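Here the structure is laid out as structure tokens; the discussion comes afterwards.
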Amino acid sequence: MRVLVVDHPLVAHKLTVLRDKDTPSPVFRLLTEELVTLLAYEATRNVRVEPVNIETPVTSTIGTGLVKPTPLVVPILRAGLGMLEGMTRLVPTAEVGFLGMARNEETLEAITYAERLPDDLTGRQVFVLDPMLATGGTLREAIKFLFNRGAAEIVCICLLGAPEGLSVLEEELADANVTIVLASIDERLDEKAYIVPGLGDAGDRLYGVVH
Ligand code: URA
């Protein structure tokens, strides 16, 4: 497993505005998309490509095309949905699948409540979108699920991570072909497993509180 923290002043700036508790939902949604596009630029560095022959108005040349099947993007519902537009803006031909996961707030265990993915992911490169890597439970289950379907490589794009969650993933996935790309690794989790300093509940900040 590899961990990449994207070190760029615009990433740090956009993340700072996201952290601010006074940033309203519409701005939060827009900034999340912009931030994901910046993270996705780094996260797709090893996206599979092949040479393609093309004709320019002047001559023939060899360019670069995405290998088919194109990457599969999997936002983890609910909050990962807020990252989808930022990702598909960069890779418009990507396929999109959905995984609905929630954590039980008492046990903190991840539960899968919805799934819309190809049955066979053999050899596929998969990009998972989940804004908050807190305990690591959700991402661990999502990664296992995708490898069980045959995925060859998984790149997770997160806005924030906690050291505790990263350790959980590192312990279980040390030798796996997994890369975690983040804007920041924060200090710690609090007693409710929120990331500190964090940005609060990403789903609520994107979409409002659901009662
Ligand atoms: N999920 C969130 O939305 N925020 C956290 O801080 C932790 C988990």
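Note that ligands are numbered from 1 as they come in the structure, with each ligand's atoms numbered from 1 the same way. In this chain, residues are counted from 1 in sequence order. All of these numbers come straight from a predicted model, not from anything done at the bench.
Less than 4.0 angstrom separates some heavy atom of A193 from each of these atoms of ligand 1: 7 (C). Close contacts of ligand 1 with D201, meaning ligand atoms under 4.0 Å from a residue heavy atom, involve 2 (C), 3 (O), 4 (N).
For the residue pair M83 and V36, the shortest heavy atom distance occurs at O-CG1, 3.4 Å.
Judged by the shortest distance from any of its heavy atoms, A162 lies outside the 4.0 Å radius around the atoms of ligand 1. Ligand 1 has no atom lying under 4.0 Å from any heavy atom of P131.
For atom 4 (N) of ligand 1, the nearest non-hydrogen atom of the protein is G200 O, 2.8 Å. In this structure, atom 3 (O) of ligand 1 lies nearest to the protein heavy atom A202 N, 2.8 Å. The protein heavy-atom contact nearest to atom 1 (N) of ligand 1 is M132 CB, 3.7 Å. Nearest non-hydrogen protein atom to atom 6 (O) of ligand 1 is I195 N, 2.8 Å.
Looking at K192 and D201, no side-chain N of the basic residue comes within less than 4.0 Å of a carboxylate O on the acidic one, giving no salt bridge. A salt bridge is defined here as a Lys NZ or Arg NE, NH1 or NH2 lying under 4.0 Å from an Asp or Glu carboxylate O, and D204 with R78 meets this definition. A salt bridge does not link E34 to R89: none of the charged nitrogens lies less than 4.0 Å from a carboxylate oxygen. Look at R124 and E95 and you find a salt bridge, because one of the NZ, NE, NH1 or NH2 atoms lies within 4.0 Å of a carboxylate O, short of that distance.
Not one N or O on the side chain of R205 forms a donor-acceptor pair closer than 3.5 Å with the backbone of F28.
Inclusion of A134 in the set of residues having an N or O under 3.5 Å from an N or O of ligand 1 is not warranted.
The side-chain heavy atoms of L72 and L117, taken from C-beta on, include a pair separated by under 4.5 Å.
Using a 4.0 Å cut-off between heavy atoms, A79 makes no contact with ligand 1 at all.
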